[in-house]
Number of protein chains: 2
Amino acid sequence: MSASGVRARVRAEMTEEIKAVAKRHLVTDGANLSLRAVARDMGMASSAVYRYFASRDELLTALIIDAYNAVGDAAERAAAAEKGDLDRFLGATHAVRDWALANPHEWALIYGSPVPGYEAPQDTIGPATRVILLIAAIVRDAYLAGRVAEREPITGGFAEELGRVAEQYTPGAPPRLVAAAMSSFLHLGGAISAELFGQLKNSVDEDRRGFFDYQMRGEADRIGLT
Amino acid sequence: MSASGVRARVRAEMTEEIKAVAKRHLVTDGANLSLRAVARDMGMASSAVYRYFASRDELLTALIIDAYNAVGDAAERAAAAEKGDLDRFLGATHAVRDWALANPHEWALIYGSPVPGYEAPQDTIGPATRVILLIAAIVRDAYLAGRVAEREPITGGFAEELGRVAEQYTPGAPPRLVAAAMSSFLHLGGAISAELFGQLKNSVDEDRRGFFDYQMRGEADRIGLT
DNA sequence: GCAAAAGCAAGAGCACTGCTCTCGTTGTGG
DNA sequence: CCACAACGAGAGCAGTGCTCTTGCTTTTGC
């Protein structure tokens, strides 16, 4: 620590502040974030920002990781607050939606179209999987406790692929459950993106929460949760 | 026509060529399309392009409308080629996916995150609704012919809202069917976007078509198609 | 303790962007 | 035939990401 620790701490604070300012800019300007504007807001030269982030993409990557962790946190907290399987599932999915509604631009950053020429680095794949892993875990736990309704198993190449993934992350869950969980997750993303990106305009304007709830209950039903 | 007709035709051809070049650029550069680069490719000054499109956003809007119509065409053609209700549904949804895989950047343009500061003009809402209206029509036709399995009706604000929409576009369809069709459409979008935007990486890599088929058959089942 | 090394901020500069304005040219309708 | 509208080109403005150089400060090695 000592003197060098001071510098490291200052550096960390600066990094955080840049991210905070950038996040604020994200709210108004969306994905085309201007590094120069961020620098102006911080009262420093634009070139100075490059001491902390090697490029604009790297700044975006940092924001993406933070966003993934934020949704993940929200979903996990909501799931932990519930007891029944269905309630845990609905709590998690609604928490994701609530977070997306509160942070639409960050949602767009992680689940919208990828920035052209931007390849997601290794650092993002961990945080990115938290929500789907949470859903899979909820389903798996319910299954292992014998509380998931019977359904006929699935076959096909994707079933085997998902089965292999399940062995690693949610051992004990049969392919059909993993497929159903994954399917629910994709439906979840589609429903939220559609709501945020304006596709529901002029069809469901008042009771969007109800419509989302209807869809997620449908997914829970397909999974076999009760 | 005569002389003025010539000029009008040349103008139309120019407009089309600009769109074609822009579309080509979309493939490589994605959504951050450069008007100047398009102009360069056409061997004209960048300012000349503004004779045909008042702004970059207007060019994008034209591309968006074309894209909506392209998916709409593909889906309608596929549905028309099938006879059974389920086959029509699966044909349409697979056609949408096939089109998206063939034109990923155009898919991102219409179903990805909206361009910041870009508000979809009135001209886009018509073409934008073609796919969902097609799905709703398939379901409605099957229902009116008495071929849709019974399900318990739905209630709630969103059901009334969707019921009102149905009266206008697909008269005769009960709210629960419209809701199910809409839900399927959102699931469809989520599944395709996830596949295109890389969310399936390292989980379903080989049999993505099979996984999509599984999901859409699940939706058809929820609707009650046979 | 002090010099060398590394970290840092600032400014200038490059190549690019969307967009506007002006200025000749060229085709068109009366 | 001629006034007028459409057109293409060029210059220019404000903005962008990013690099390089120049001083200054802090940390580190001896």
Side-chain angles (χ1 to χ4, degrees), chain A residues 1-19 21-22 24-26 28-64 105 109 114-119 121, chain B residues 1-19 21-22 24-26 28-64 105 109 114-119 121:
Chain A
M1 57 190 92
S2 73
S4 99
V6 166
R7 192 162 241 193
R9 213 185 56 193
V10 167
R11 183 179 176 84
E13 282 171 9
M14 274 297 246
T15 309
E16 279 309 310
E17 192 178 339
I18 292 174
K19 285 202 292 183
V21 173
R24 218 183 313 136
H25 276 218
L26 218 57
T28 62
D29 299 349
N32 51 3
L33 172 70
S34 163
L35 227 155
R36 289 179 109 114
V38 171
R40 264 198 305 275
D41 257 30
M42 296 194 57
M44 70 198 297
S46 67
S47 55
V49 178
Y50 285 83
R51 294 270 164 201
Y52 301 91
F53 296 94
S55 69
R56 201 192 75 133
D57 276 7
E58 203 177 290
L59 213 194
L60 280 178
T61 300
L63 295 179
I64 286 174
H105 290 96
L109 210 57
V115 180
Y118 173 87
E119 192 66 26
Chain B
M1 58 189 91
S2 73
S4 101
V6 167
R7 198 165 237 193
R9 213 186 56 193
V10 167
R11 183 179 177 83
E13 282 171 7
M14 273 296 245
T15 308
E16 278 311 309
E17 193 179 340
I18 292 173
K19 283 203 293 184
V21 173
R24 217 183 314 138
H25 276 222
L26 218 55
T28 61
D29 299 349
N32 52 2
L33 171 71
S34 162
L35 227 154
R36 289 179 108 115
V38 171
R40 263 197 305 275
D41 256 32
M42 298 195 55
M44 70 198 298
S46 68
S47 55
V49 178
Y50 285 83
R51 297 271 169 203
Y52 301 89
F53 295 95
S55 68
R56 201 193 76 133
D57 275 7
E58 204 177 290
L59 213 194
L60 279 178
T61 300
L63 295 179
I64 286 173
H105 290 96
L109 209 56
V115 180
Y118 174 86
E119 192 65 27

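Between D:dT16 and A:R40, a contact under 4.0 Å exists linking OP1 or OP2 to a side-chain N or O. At the phosphate of C:dT17, neither OP1 nor OP2 sits under 4.0 Å from any side-chain N or O atom of B:R56. Within the structure, a side-chain polar atom (N or O) of B:Y52 is placed less than 4.0 Å from OP1 or OP2 of D:dG8.
Of the inter-residue distances, the one linking B:R56 atom CZ with B:L59 atom CG reads 9.0 Å to the nearest 0.5 angstrom. The structure places CD of B:E17 at 9.5 Å from OH of B:Y52, a figure rounded to the nearest 0.5 Å. With rounding to the nearest 0.5 Å, the separation of CG in A:L35 from CD in A:E58 is 10.5 Å. Within the model, atoms CG of A:N32 and CG of A:L60 stand 10.0 Å from one another, a figure rounded to the nearest 0.5 Å.
With distances taken from any side-chain atom of A:S47 to the nucleotides D:dT19, C:dA9, C:dG18, the minimum falls on D:dT19. Of the candidate nucleotides C:dG18, D:dG8, D:dC7, D:dG8 has the atom lying nearest to any side-chain atom of B:M44. Of the candidate nucleotides D:dG17, D:dC7, C:dA10, D:dC7 has the atom nearest to the side chain of B:R51. When distances run from any side-chain atom of B:Y50 to the nucleotides C:dT20, C:dA10, D:dG17, the shortest one goes to C:dT20.
Contact annotation: the side chain of A:M14 approaches that of A:M44 to within less than 4.5 Å [non-hydrogen atoms, C-beta and beyond].
Within 4.0 Å (heavy atoms only), B:F53 reaches no atom of the nucleic acid at all. Residue-level contact check: B:M14 touches the backbone only, with heavy atoms under 4.0 Å from sugar-phosphate atoms and none from bases. Within 4.0 Å (heavy atoms only), B:S46 reaches at least one base atom of the nucleic acid. Nucleic acid contact class of A:L59 (heavy atoms, under 4.0 Å, all strands): none.
Comparing A:A37 and B:G43 along DNA chain D, the residue whose closest nucleotide (by nearest heavy atom) sits nearer the 5' end is B:G43. Nearest-nucleotide positions on DNA chain D for A:A54 and A:S34 put A:S34 closer to the 5' end.
Between the CG atom of B:N32 and the C1' atom of D:dG15 there is a distance of 16 Å, given to the nearest Å. In this structure, the CG atom of B:L33 is 11 Å from the P atom of C:dC19, given to the nearest Å. To the nearest angstrom, P of C:dT20 lies 11 Å from CD of B:E58. Protein atom CZ of A:R36 is 13 Å distant from nucleotide atom P of C:dC14, rounded to whole Å. Look at CG on B:L60: it is 15 Å from C1' on C:dC19, rounded to the nearest Å. Protein atom CE of B:M42 is 10 Å distant from nucleotide atom P of D:dA9, rounded to whole Å.
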